[in-house]
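Right, one structure below, let's go through it.
Computed from a prediction, not measured in an experiment: that's the story for all the values here. Numbered from 1 within each chain, the chains take letters A, B, ... in sequence-line order. Below, each value reflects all heavy atoms present in this structure, side chains not excepted, and no hydrogens, waters or symmetry copies.
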Amino acid sequence: MSDATTDGGRESALLRLLWKAAKLLATVALTFLGLLVVTFLIGRVVPVDPVLAVIGDRAPKSVYDRVFVELGLDRPLYEQFWIYLHKVFTGDFGESFLTKRPIIDDIARVFPATLELATVAILIGTVLGIPMGVWAAVRQGRLADQVVRVLGLVGYSAPIFWLGLLGLLVFYARLNWVAGPGRIDIAYEYAITPKTGLLLLDSAMQGQWDAFRNVFAHIILPAALLGYFSMAYISRMTRSFMLNELAQEYVTTARVKGVPEWRIIWVHALRNAAVPLVTVVALSYANLLEGSVLTETVFAWPGLGQYITNSLQNADMNAVLGGTLLIGAIFVGLNLLSDLLYTLLDPRVRKQA
Amino acid sequence: MRPLLTVEDLRITFPTRQGPSEVVRGVSFTLGRERLGIVGESGSGKSQTGRAILGLTPPPGRATAKVLDFDGIDLRTASAATWRRLRGARMSMVMQDPKFSLNPVMTIGKQLLEALKFGAGETRAEARARALAMLEAVQIRDPERVFRAYPHELSGGMGQRAMIAMMLVTEPDLLIADEPTSALDVTVQVEVLRILDRLVRERGMGLIFISHDLRLVSSFCDRVLVMYAGRVVEELKAADLGKAQHPYTRGLMNCLPKIEGGVRPLPTLERDAAWAR
Ligand SMILES: Nc1ncnc2c1ncn2[C@@H]1O[C@H](COP(=O)(O)OP(=O)(O)OP(=O)(O)O)[C@@H](O)[C@H]1O
Ligand SMILES: [Mg+2]
C-alpha cells in the first residue's frame, strides 16, 4: 500500500527513544566495566610496589607484611578485583602518596579547573568554528576559504606552549588586557565560597562581580588559545560537511522554491550538517577535558593534565588510575550524550532506534 | 500571442578531466500556455535543460543561450533579486527523484509552507489550509499525517506526490515536471495528470513534461520534443507521432509494445552514431 506513513505515531516514538536510551546505558555500563578491568590490571602490572608506595622504602619487614595483607594483596586476583570494584563505587580510589589525601578529594580540586577551562574553550571553538566552516564552504576556493584554511593550519601546527607564552607576553605583559597565570588573584580568592569549584559560576551565583571579572580575565587567554585549536578542527569539519550538504538535491529543490540563500545555508544545509557535527564537537570537548599539560603549565593552571602528569612522574599509581578512570568516564559520558543528540537531530535514526 | 518561454540555442557544458563536455548542444523551442513533452533516453540532457531554464545548472557546469526569455524577462542576465521573485512563485520544477530531493530533517509540512512563505504573502493559517488542500488534491488520503511526516516516512509515490504538491501550491505560470509520475500507480497518475491539465487549461500554465515514456507523453501533451545526446532531434505535434521522420523516434515507437498480437522477440532500438553529430 502506498499510504504507509508514520506508523505508530508520536507515543511509540517516545517509547523507542526510551528503549534506545536503555540500550545505550547498558553499553555504557559494559564499557565502564571494561575500563575498570583495564585500570585494575594496569595497577597490578606496573613495576611500582603498592606497599612501598604507602610505607616508603625504609620501613621494617614486619610493617611491610602487615600493609601487604591490609591492602588485600595476599588474596586471589578476582577477589582483589571485587574489592577494587567495591571501593570505586563507594568513591574510594585510595590515597595519593604525593599529597597524602584521598584521590577523590584531589580530583574534586583539580577537575573543576580543567572543566571550566575546557568548557569556555569549547564554547569559543564552536561559536567561531561553525560559522567559519560554513563561510569557507559557501565561498569555496575563494579568499574567505583560504583565510579559514590558513587559520586552521596554524591551529594545527603551532606548538601550544609557544603560542601561550607569546600570548602572555603580548596580552598580559605588554598590553595588560588580560590577567596573568593562575585562575584568580589572591585578593579575590577568599571572596568566593567554593561550591561547584567552577569559579565563574561560583562568583556569579554569589554576586561577586569583581571576582567574576578577575576570573574571566584569567581564563580568557588560555581558553581562547585552546578554543583556537578546537576551532581549527571544528571549522575544517564543518566546511567539509557543508560542502557535502550543499551539493545535495534537496538544496536545489529549496532554490527552485525560491528560498533565500541565507536560509538554504543556515537552515537547510547546516541543519543536516549538524548531525555529524555533534560527534566532532563532543570529541573536541573530550580532548579538552583530558587537560593539556602544556597549557596548564604555561598558565599555572592547577588542572587534571598537570595532576596526572605529576602523578605519573612520581609513580603515584592510585592518582594515575583515578585520573584515568575519570577520563574514561568523560569519554563514555560524552559519547552517550552525542549519541542521544544524534537521535534527536536525525529523524531517520529516531525511527530505526 | 507572445510565447511564455523562448529558448534558443541552449548549451550546457561540464568541465571534465578530458576537457569540457557539452551535455546539451543547442536546444531551441518555444512554449506557450500549453503542454510540451520532452522525451529521450537516460542521459540525453532532459533534466539539465529543465534546470538551466530555472538558472540552476549545478556548478561547475555552465549554461549559455542565444535567447532565454520568460514572459519578457531575459533570464540570462536576471539578477539574484529577479530570480527570487520568479522561482517558486512564477516558475517551478518538480524534481526527478523525491528520495533525494526532499530535505530529510524537515517535515513535509514545513517544506510545503516554505514554498508558500517565500512565494506569495498570506497568513500562516491560510498557508497551512492551502498546503493541506494541495496534498489532498494530489490524492493523499491522510494529508494531516503526511504534513507532519518526515520524507523517509513516505513511500516513493507519496514522496513524489508531496513534491508535486510543493511545486504546484504556489500556482506558478511555468512548471517543469521531471518524470513526475514515474513512481505512481495508474489511478493516481491519472489524477495527477488531470490536475496538471486543469492548471494548463484554466489558469493558462505552461507545462514542460519530461518523461521516458513516449506513450504517456504523446497522449498527454500537445507537442513533443525528442532529445538524443543533448540535441532535439525531432519536434512533433502529439497527434502526428505517426509522421515521425527521425530514425531514433521511429525506433522508440517500434519499441512500444502493441496490445494486439505479441511481437516476439521484442524489437531492439538501433542506434546510429550519426544522430549524435
Ligand atoms: N554535475 C554534473 N557533472 C557532469 N556531468 C553531468 C552532471 N550532471 C549531469 N551530467 C551529465 O549530463 C548529461 C545529461 O544529464 P541529464 O540529467 O540531463 O539526463 P536526463 O536526460 O535527465 O537523464 P535521465 O532520464 O536518466 O534523468 C548526462 O550525460 C550526465 O552525465
Ligand atoms: Mg533526468
Side-chain angles (χ1 to χ4, degrees), chain A residues 1-13 16 137-142 241 243-278 341-353, chain B residues 51 54-56 58-59 80 83-108 110-112 114-119 139-142 145-146 148-158 161 163 166-167 169-170 176 183-185 188:
Chain A
M1 200 172 113
S2 65
D3 263 306
T5 48
T6 57
D7 54 277
R10 300 291 133 178
E11 310 82 58
S12 68
R16 267 187 246 113
V138 172
R139 304 272 161 147
Q140 188 195 7
R142 289 196 260 163
F241 294 148
L243 282 178
N244 180 41
E245 293 302 332
L246 286 171
Q248 300 293 317
E249 279 291 278
Y250 70 79
V251 167
T252 310
T253 307
R255 292 204 171 108
V256 168
K257 285 191 292 186
V259 176
E261 200 59 23
W262 64 264
R263 193 175 152 88
I264 288 176
I265 295 163
W266 295 100
V267 178
H268 281 267
L270 186 58
R271 181 62 184 65
N272 277 278
V275 177
L277 264 179
V278 163
L341 270 176
Y342 208 99
T343 315
L344 283 178
L345 283 174
D346 192 340
R348 288 160 295 187
V349 184
R350 213 181 301 159
K351 179 87 185 248
Q352 290 156 13
Chain B
R51 279 173 184 230
L54 280 156
L56 291 173
W83 276 122
R84 224 172 304 135
R85 257 201 335 273
L86 288 178
R87 287 187 196 138
R90 297 203 58 203
M91 51 205 303
S92 195
M93 177 165 176
V94 173
M95 306 286 288
Q96 185 166 8
D97 195 335
K99 230 187 180 65
F100 299 106
S101 303
L102 294 168
N103 187 335
V105 300
M106 213 185 246
T107 59
I108 298 293
K110 248 189 145 174
Q111 297 186 56
L112 256 164
E114 207 176 32
L116 283 172
K117 187 161 153 201
F118 298 103
Q139 302 291 293
I140 286 174
R141 248 166 287 156
D142 192 349
R145 193 173 59 179
V146 171
R148 284 194 310 264
Y150 287 97
H152 74 272
E153 296 171 320
L154 304 181
S155 67
M158 299 261 298
R161 277 178 278 169
M163 168 64 84
M166 202 172 292
M167 295 308 173
V169 73
T170 54
I176 300 164
L184 304 182
D185 46 58
V188 177

Note: B:Gln111 and A:Lys257 closest approach over all heavy atoms is O-NZ, 2.7 Å
Closest contact, heavy atoms only, A:Pro347 versus B:Pro104: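 So the two residues come closest at CG-O, 3.4 Å.
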Please round to the nearest 0.5 Å and tell me the distance separating atom CG of A:Asn272 and atom CE of B:Met106. 8.5 Å
Do any N or O atoms from the side chain of A:Thr253 and from the backbone of B:Ser101 form a donor-acceptor pair under 3.5 angstrom?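 Confirmed, A:Thr253 side chain pairs with B:Ser101 backbone.
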Is the closest basic N to carboxylate O distance between B:Arg51 and A:Glu249 below 4.0 Å?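 Salt bridge flag = yes for A:Glu249 with B:Arg51.
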Measure distances from B:Met163 to the heavy atoms of chain A and classify the residue's part below 4.5 Å as side chain, backbone, both or neither.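 Just its side chain gets close to chain A.
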Interface moiety of B:Leu54 toward chain A, non-hydrogen atoms closer than 4.5 Å: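 Only the side chain of B:Leu54 comes within 4.5 Å of chain A.
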Could you tell me whether the side chain of B:Met93 reaches within less than 4.5 Å of the side chain of A:Thr252, counting heavy atoms only?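 No, their side chains stay 4.5 Å or more apart.
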List the steps and the verdict of side chain to side chain contact (heavy atoms under 4.5 Å, CB included) for A:Arg348 and B:Val105. CA-CA 8 Å; A:Arg348 288 160 295 187; B:Val105 300; 4.2 Å; yes
My understanding is that only one of B:Met166, B:Arg87, B:Met95 makes a side-chain contact (heavy atoms from CB on, under 4.5 Å) with A:Val256; could you say which?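 Checked B:Met166, B:Arg87, B:Met95 against A:Val256; only one passes side-chain contact (heavy atoms from CB on, under 4.5 Å): B:Met95.
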